[in-house]
Amino acid sequence: MAKILVNNSGPLHGEVKVSGAKNSVLPLLAATILTDKLCVIEDVPNLADVSVMKEILKKYGAKIDDSEDGVIKINTPEIISCVGDKDLVQEMRASIFTMGPMLARYGKTVMPLPGGCTIGKRPIDLHLKGFRALGAKVTEDRENELVTVEVGPEGLKGDAIYLDFPSVGATENILMAATLAKGTTIIENAAKEPEIIDLANQLNKMGAKIKSAGTDMIRIEGVEKLSGCVHEAIPDRIETGTFLLAAAITRGDILIKNAIPGHVRPIMAKLKECNVDIDVRPEGIYVDARDRELVATDLKTLPYPGLPTDIQSPFMAFLTTVKGSSVVRETVFENRFMHVVELNRMGADITTENSREARVPGGKKLHGAKVRATDLRAGAAMVLAGLVASGTTEISEIFHIERGYEDFVGKLKSLGADIMRTGEN
Ligand code: EPZ
């Protein structure tokens with residue numbers, strides 16, 4: 001079983017380049033189902049989740065050329081199956097992002113219900129509400145844990161859809177389906193994450209007519225057909241935040257290149273509250289936590305532009321090491337404190353009132369321990385904690401980390417971290 005071993009590493013120093021965003025590349029790839037023409041996606045990170053998405057698309061009939069590093073050339077001349085592969089869907093929830101484009105292109109999509117995961121039950125009711133609003137028929141087969149969505153004889157028809165929660169995935173799925181629907185679709189209370197804007201930009205390059213993506217009301221005029229495109233994914237804002245926190249927790253200084261400051265404003269603002277110095281420069285974001293008295297602050301995760309839920313666990317790891325107590329509130333997922341038990345193995349003494357609020361006493365000298373990655377971001381949090389803990393921290397279940405961080409160990413090593421990956425894949 002592969003593991004990551006981290007020793008106390010002292011202050012990190014140097015520069016690091018952020019990769020393309022996982023949570024952008026996955027919907028960008030799914031959107032290529034909408035056309036039979038060639039799409040070229042650039043700045044694609046080498047991640048397990050990207051490999052799974054490629055496998056899923058190949059089963060639908062996609063022809064993929066990924067011979068060039070970081071570039072995926074993909075076209076789907078014809079759909080040979082509209083059924084999601086159960087094993088692949090179980091492996092990666094983002095498989096459901098292929099439902100909207102498949103519905104629009106082929107008129108039918110069959111998807112095994114994606115399992116919940118450690119951070120929550122992850123329902124898809126809002127996705128299905130959107131498909132129904134566009135005139136599709138949804139059949140849920142609970143016994144076989146399958147959902148079938150098919151368009152009626154008149155195809156998809158635009159309509160107004162209100163999302164009870166600004167779900168990122170539901171916004172993306174409905175957005176993709178609406179591009180080929182007849183008439184106008186309005187998505188109200190839409191998610192505003194940068195990945196939504198990135199997806200809309202690619203779809204508009206393909207000939208879609210989408211307006212005001214990035215606001216809470218997105219307007220889509222349906223078109224007959226979509227063409228191919230060349231599109232570069234935005235940099236990963238959560239990886240950017242993770243490296244901001246790697247400098248902060250080790251009291252080091254790092255220049256983060258290829259980051260978009262506007263996508264990490266809430267993370268930078270919270271770190272400045274902790275007295276970390278952050279300077280946005282033409283060559284990148286420079287973060288400096290050397291020789292400074294860092295202080296605690298409270299966190300509350302919210303949909304964009306609030307503090308992203310994905311940075312909550314790495315930020316909590318950092319808060320265990322600063323003077324003063326913090327309250328961390330998780331409002332997006334119902335069970336995203338699984339890392340608390342793991343951090344407490346290292347001496348963090350965190351208490352949780354319920355699954356939505358944790359109290360971090362702070363001022364701790366963490367010690368190494370055997371811990372596990374409970375989800376992708378929690379895994380990153382354990383690595384950060386290991387960098388400052390005394391002795392060695394051994395992290396298992398690191399497949400979570402490798403789903404979403406490209407060459408995380410290599411990048412940290414280049415910044416001076418004493419870290420290694422052991423064991424077979
Ligand atoms: C996306 O997941 C991201 N994944 C997640 O990143 C991220 O944490 C999340 O958005 C929130 O920002 C990808 O983009 C691949 P949601 P998604 O739908 O779309 C509830 C990571 O670490 N909900 O915005 O699944 C849901 O249960 C991953 O990279 C419904 O109730 O998130 C949750 O409580 C983890 N019904 C909340 O909305 C629905 O139909 C937010 O979920 C859909 C969602």
Side-chain angles (χ1 to χ4, degrees), residues 19-31 45 47-50 52-53 56 89 91-100 111 113-133 138 140 147 149 161-176 187 189-199 233-234 236-242 263 266-267 301-314 330-336 338-339 355-356 373-381 400-406 408:
S19 302
K22 167 180 85 81
N23 291 351
S24 205
V25 163
L26 294 175
L28 295 178
L29 285 169
L47 298 172
D49 269 11
V50 172
V52 171
M53 181 57 88
I56 288 168
V89 171
E91 204 174 333
M92 184 185 69
R93 170 187 166 79
S95 320
I96 57 170
F97 293 179
T98 61
M99 294 178 77
M111 192 60 70
L113 286 173
C117 59
T118 52
I119 63 178
K121 58 183 187 313
R122 312 289 294 271
I124 61 168
D125 56 306
L126 296 176
H127 300 243
L128 302 179
K129 174 180 181 180
F131 297 148
R132 286 192 182 94
V138 175
E140 292 184 67
V147 60
V149 188
I161 298 155
Y162 173 80
L163 292 181
D164 307 54
F165 183 91
S167 154
V168 170
T171 302
E172 291 168 341
N173 242 336
I174 298 162
L175 180 62
M176 290 188 277
I187 306 175
N189 196 28
K192 300 185 277 193
E193 272 72 359
E195 292 76 25
I196 308 285
I197 298 172
D198 202 26
L199 175 61
I234 55 172
D236 195 313
R237 60 193 170 96
I238 305 301
E239 185 188 11
T240 303
T242 305
H263 290 174
I267 306 173
T301 67
L302 286 167
Y304 198 87
L307 187 76
T309 173
D310 293 346
I311 210 65
Q312 181 253 109
S313 49
E330 171 56 58
T331 74
V332 176
F333 286 104
E334 69 270 25
N335 187 33
R336 204 165 194 178
M338 303 288 278
H339 48 283
S355 69
R356 295 283 189 173
T374 51
D375 77 71
L376 158 60
R377 310 301 174 182
H400 285 296
I401 301 175
E402 292 171 344
R403 284 185 47 204
Y405 285 93
E406 184 178 47
F408 196 41

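Count residues from 1 along the sequence. As the structure lists them, so they are numbered: ligands from 1, and atoms in each ligand from 1. What's counted below: heavy atoms across the whole structure, side chains too, no hydrogens, waters or symmetry copies. Here the structure is a predicted model, which is why all the values come from computation and not from measurement.
- With 3.5 Å as the limit, one finds a donor-acceptor pair spanning the side chains of E330 and T309.
- Both the backbone and the side chain of H127 come within 4.0 Å of ligand 1, judged by heavy-atom distances.
- The closest protein non-hydrogen atom to atom 19 (O) of ligand 1 is G169 N, 2.8 Å.
- The single protein non-hydrogen atom nearest to atom 36 (N) of ligand 1 is D125 OD1, 2.7 Å, given as residue, atom name and distance.
- A salt bridge links D310 with R336: at least one charged nitrogen is closer than 4.0 Å to a carboxylate oxygen.
- Contacts between Y304 and ligand 1 below 4.0 angstrom, taking non-hydrogen atoms only, are absent altogether.
- Looking at heavy atoms from C-beta onward, L307 lies in side-chain contact with I267 at the 4.5 angstrom threshold.
- The nearest protein atom to atom 8 (O) of ligand 1, hydrogens excluded, is given as D310 OD1, 2.6 Å; this is a heavy-atom distance.
- Close approach of ligand 1 to R336 is summarised as follows: ligand atoms under 4.0 Å from at least one heavy atom of the residue are 8 (O), 22 (O), 35 (C).
- You'll find the side chain of I238 reaches within 4.5 Å of the side chain of I311, heavy atoms only.
- The nearest non-hydrogen atom to atom 12 (O) of ligand 1, considering only V168, I96, I124, comes from V168.
- Near F165, meaning under 4.0 Å from any of its heavy atoms, are these atoms of ligand 1: 37 (C), 38 (O), 41 (C).
- Shortest contact from atom 34 (O) of ligand 1 to any protein heavy atom: V332 O, 2.6 Å.
- Looking at S95, A378, P123, P308, it is P123 that brings a heavy atom closest to atom 27 (O) of ligand 1.
- Regarding atom 26 (C) of ligand 1, its nearest protein heavy-atom neighbour is F333 CE2, 4.2 Å.
- With values rounded to the nearest 0.5 angstrom, H127 atom NE2 is found 6.5 Å from F97 atom CZ.
- The protein heavy-atom contact nearest to atom 11 (C) of ligand 1 is T309 CG2, 3.9 Å.
- Taking 4.5 Å as the limit, every side-chain heavy atom of E91 sits out of range of all side-chain heavy atoms of R403.
- Using a 4.0 Å cut-off between heavy atoms, L376 contacts ligand 1 through its side chain alone, with no backbone atom that close.
- A side-chain contact (heavy atoms from CB on, under 4.5 Å) with M53 is found for one member of L29, V25, L47 and no other, namely L29.
- Here E239 does not pair with K22 in a salt bridge; the nearest charged N to carboxylate O distance is not below 4.0 Å.
- Proximity of a side-chain donor or acceptor of T98 to a complementary backbone N or O of A30 within less than 3.5 Å is not detected.
- Counting protein heavy atoms only, atom 25 (O) of ligand 1 is closest to R93 NE, 2.9 Å.
- In this structure, atom 21 (C) of ligand 1 has a protein heavy-atom contact shorter than 4.0 Å.
- Note that OG of S24 is 7.5 Å distant from CD of E172, once rounded to the nearest 0.5 Å.
- Numbered from 1 in the order shown, with element, the atoms of ligand 1 that lie under 4.0 Å from a heavy atom of R377 read 21 (C), 22 (O), 29 (O).
- Contact annotation: the side chain of V149 never approaches that of M111 to less than 4.5 Å [non-hydrogen atoms, C-beta and beyond].
- With a 4.0 Å cut-off on non-hydrogen atoms, K22 touches ligand 1 through its side chain and not its backbone.
- Shortest contact from atom 40 (O) of ligand 1 to any protein heavy atom: L126 N, 2.7 Å.
- Here E195 has no heavy atoms under 4.0 Å from ligand 1, in either its backbone or its side chain.
- Proximity of P305 to P266: side-chain heavy atoms (C-beta onward) are nowhere separated by under 4.5 Å.
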